[in-house]
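The next block holds one structure in the form of structure tokens; read it before the comments.
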Amino acid sequence: MGAKNEIAFDGSIRVTSQEELNKLKSVFSNFNYVFSINSLDGRIQYINSVLPTLLGDTQDSFIGQTAHEIIRRYVHSDDLELTIQAVNTVINGHRIHGFENRYRLPDGSYQRFSWMLIPLIQENVFYAIAYRIIESSAMKEEEDLERPDIKIHNVFHNISDYFYVLDNEWKFVYVNTSSAQLFLEVLKQETLGKFYWDIFPETDDLYFLKFSEAKLAQKHIYFEAFSSLTDGWVRVNVYPSPEGLSIYFRDISEQKKFEKSLEDEQKRLYAILNGLPGLVYLRTHEGKVVFANHTFKESHGEPDNRKCYEILFSKEEPCSHCQFNLASNISNQWQCVIKDTIYEVYQHPFDDLDGTPLFLMQLLDITKRKLAEEEIAHLDRLNLVGELAASIAHEVRNPMTTVRGFLQILKSKNSIPENTEYYDLMISELDRANSILTEFLSVAKTSKQLFTQVKLNNLVDSLYPLVMADATNQDKQVLLDTEDVPELSVNEREMRQLVLNLTRNGLEAMSPKGILTIRTYQDADSIVLAVQDQGTGISHEILERIGTPFQTTKEGGTGLGLSTCFAIAERHNAKIEVTSSASGTRFLVRFKGPL
């Protein structure tokens with residue numbers, strides 16, 4: 001049988017790691033087999049205690065000596081030449097199996113050994129392994145064949161799986177029908193009564209070492225490997241006994257194909273899940289996370305088989321939604337908040353490829369969507385209020401105009417001087433009310449205005465005397481700082497209104513001696529109008545609602561000035577940014593610069 005990437009009968013694997021080498025030393029140090037590791041120049045690098053003890057010597061006395069020195073010292077003279085020839089053969093890279101010789105013991109008697117010499121050219125060493133021959137192999141074979149534990153053909157003879165038995169000399173003493181047919185078809189020869197290395201002359205030496213471990217340790221060995229005999233995967237069980245090894249193997253190629261197919265499908269499934277948006281993970285009924293996508297790991301780290309409620313919410317018990325649906329086979333949906341982020345949660349029960357019941361959980365970040373929905377609802381309410389207010393304003397202006405006209409007629413007909421003052425006051429208040437209504441209606445104005453090319457600096461310079469006059473009357477100062485900026489396509493009347501509203505708000509926010517700064521400059525792809533005051537600042541609550549109609553901090557104010565500014569900026573595809581602190585407030589109007 002052949003091996004690919006695992007230990008098997010023809011074995012293509014070599015022991016190269018120190019861990020495997022130490023394991024071999026550990027196995028042979030505790031059993032009655034001779035085991036030594038020799039360099040290809042014949043020097044002994046390691047030997048267990050079996051041979052030195054039998055020869056009345058120590059392990060240390062063997063280390064560093066050549067195999068030829070040990071052979072000449074202890075091997076029977078009749079076996080000397082053949083033994084040296086065997087060592088030379090293995091040094092040249094050829095395996096030796098079943099070579100026998102005799103060693104002289106301290107009492108003058110001789111002990112016969114059966115040797116296996118295994119060259120490992122890549123490692124520049126060869127292994128020497130031997131066991132003592134206690135009795136006649138012919139007598140032992142005849143005796144073993146009569147033992148009850150060898151007579152197993154009644155059980156295994158006609159099974160479709162493969163089974164054979166090796167005795168302690170690695171000779172085939174039993175082969176069931178399936179194994180015999182397989183060996184005959186592939187190897188073109190009978191196996192019963194032959195040595196293992198005669199049937200598999202190219203067998204992997206480490207296969208012998210592994211099976212020697214099973215024999216010496218008297219423990220069952222199990223493994224899966226690719227077999228060149230069956231041209232597929234086999235599951236091998238090796239059962240040791242004092243009389244030899246019983247080897248049972250079964251073709252599992254179809255099972256391996258099925259397992260590979262399941263593995264590939266699972267990889268594809270996990271690749272798809274890994275590419276899904278949001279936090280995606282698979283959990284068991286108990287909440288244990290068995291898979292998490294890349295986004296989940298970036299946010300919450302490796303799941304490490306922890307429970308989802310521990311990872312996401314630092315809880316010790318399941319969440320109410322999951323707790324309710326642990327035994328449910330119905331998809332479900334709800335929302336939750338994790339670290340100030342709002343998620344839409346989708347839960348889908350399904351069975352994994354191996355039949356394990358799991359829940360597919362997908363958490364999509366809907367925080368922006370929620371904020372947008374709230375903003376849309378807020379704007380809808382404002383739009384409704386604005387439409388109602390605009391309708392009312394239009395209706396109110398008509399009777400106001402009529403009243404004002406009649407007051408002017410009465411004033412012209414009434415010659416009493418003191419009444420003239422009252423008429424002027426009433427007409428003035430009506431004009432003020434009409435001015436407020438006009439200002440309010442300009443907020444909702446959407447009709448196309450006339451846009452012309454205007455240089456922002458020229459517009460600000462023309463308004464500077466008006467702003468300066470207001471500042472002087474309030475005992476305040478105005479600082480004008482303008483840079484050369486390109487022309488803008490704007491509605492000049494609305495731009496004048498925007499500048500005056502921002503500067504008057506800034507002046508009204510300051511105490512006497514305060515300085516209002518007006519700047520124009522170009523920043524990246526924007527042209528900026530900046531108005532900064534030295535007032536006491538705007539509170540966070542008001543700052544969040546700034547620009548909303550009727551929102552004002554001034555006593556007697558209408559709350560329409562800034563609303564008008566924001567409306568004008570929007571119509572000009574500009575953006576107003578507001579920053580405020582205890583030392584003052586700054587308004588930045590960013591116009592997109594010319595292409």
Side-chain angles (χ1 to χ4, degrees), residues 438-439 442-443 445-538 543 546-548 553-554 560-595:
T438 301
E439 189 176 6
S442 69
V443 175
K445 188 179 297 182
T446 58
S447 59
K448 184 71 175 178
Q449 300 295 321
L450 179 63
F451 280 66
T452 57
Q453 290 296 119
V454 175
K455 201 154 189 174
L456 189 59
N457 288 352
N458 295 341
L459 189 146
V460 172
D461 288 340
S462 67
L463 294 174
Y464 180 72
L466 293 176
V467 178
M468 194 63 193
D470 285 344
T472 303
N473 291 334
Q474 301 175 37
D475 193 19
K476 299 167 187 176
Q477 301 179 44
V478 178
L479 176 63
L480 183 60
D481 180 13
T482 59
E483 297 178 5
D484 188 27
V485 295
E487 291 183 341
L488 290 171
S489 178
V490 297
N491 180 284
E492 186 173 356
R493 183 186 64 79
E494 289 191 338
M495 278 298 102
R496 294 173 67 87
Q497 184 179 4
L498 182 143
V499 173
L500 288 175
N501 283 358
L502 292 179
T503 54
R504 285 170 179 168
N505 282 348
L507 289 171
E508 291 172 0
M510 296 189 301
S511 301
K513 307 300 182 183
I515 300 175
L516 179 74
T517 303
I518 305 172
R519 291 185 59 206
T520 61
Y521 59 92
Q522 188 165 0
D523 179 12
D525 60 346
S526 300
I527 297 173
V528 182
L529 168 67
V531 179
Q532 183 167 352
D533 63 51
Q534 294 180 343
T536 57
I538 303 171
L543 199 61
I546 200 164
T548 303
T553 57
K554 296 185 290 187
L560 294 173
L562 281 179
S563 296
T564 303
C565 293
F566 275 84
I568 292 171
E570 184 178 356
R571 287 196 290 274
H572 285 77
N573 198 23
K575 184 179 179 182
I576 297 180
E577 300 173 2
V578 186
T579 57
S580 186
S581 66
S583 59
T585 302
R586 181 177 65 174
F587 284 82
L588 297 181
V589 185
R590 292 186 179 275
F591 300 92
K592 286 189 177 180
L595 297 177

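If you're wondering where the values come from, they're calculated on a predicted model, not measured in any experiment.
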Can you confirm whether [X] sits close enough to [Y] that some side-chain heavy atom of one is under 4.5 Å from a side-chain heavy atom of the other?
{"X": "Asn505", "Y": "Val531", "value": "no"}
{"X": "Leu502", "Y": "Val589", "value": "yes"}
{"X": "Val454", "Y": "Met495", "value": "no"}
{"X": "Leu529", "Y": "Ile518", "value": "yes"}

Using 0.5 Å steps for rounding, measure from the [atom1] atom of [X] to the [atom2] atom of [Y].
{"X": "Leu507", "Y": "Ile515", "atom1": "CG", "atom2": "CD1", "value": "12.0 Å"}
{"X": "Lys575", "Y": "Phe566", "atom1": "NZ", "atom2": "CZ", "value": "10.5 Å"}
{"X": "Arg586", "Y": "Thr579", "atom1": "CZ", "atom2": "OG1", "value": "4.5 Å"}
{"X": "Leu516", "Y": "Met510", "atom1": "CG", "atom2": "CE", "value": "5.0 Å"}
{"X": "Leu498", "Y": "Leu459", "atom1": "CG", "atom2": "CG", "value": "9.5 Å"}
{"X": "Phe591", "Y": "Asn573", "atom1": "CZ", "atom2": "CG", "value": "10.5 Å"}

For Ser580 and Gly537, which heavy atoms make the closest approach, and how far apart are they?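 Smallest heavy-atom distance, with atoms named: OG-CA, 3.2 Å.
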
Side chain to side chain contact (heavy atoms under 4.5 Å, CB included) against Tyr464, all qualifying residues, sequence neighbours excluded: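 Testing Tyr464 for side chain to side chain contact (heavy atoms under 4.5 Å, CB included), a comparison that skips the adjacent residues, returns Met468, Val478, Leu480.
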
Set of side chain to side chain donor-acceptor pair (under 3.5 Å) partners for [X], sequence neighbours left out:
{"X": "Asp484", "result": "Lys455"}
{"X": "Ser489", "result": "none"}
{"X": "Ser462", "result": "Arg496"}
{"X": "Glu577", "result": "Arg590"}

Keeping the roles fixed (side chain from [X], backbone from [Y]), state whether a donor-acceptor pair exists under 3.5 Å.
{"X": "Gln522", "Y": "Val485", "result": "no"}
{"X": "Asn457", "Y": "Glu483", "result": "yes"}
{"X": "Asp533", "Y": "Thr585", "result": "yes"}

Under 4.0 Å between a side-chain nitrogen and a carboxylate oxygen: does that hold for Lys592 and Asp525?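 No, this pair does not count.
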
List the steps and the verdict of side-chain contact (heavy atoms from CB on, under 4.5 Å) for Leu500 and Val467.
CA-CA 7 Å; Leu500 288 175; Val467 178; 4.2 Å; yes

Determine which pairs satisfy ring-ring contact (aromatic ring centres under 6.0 Å, His included) with at least one residue from residues 568-590, sequence neighbours left out, and list them in order.
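Listed once each, the pairs are Phe451-His572.
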
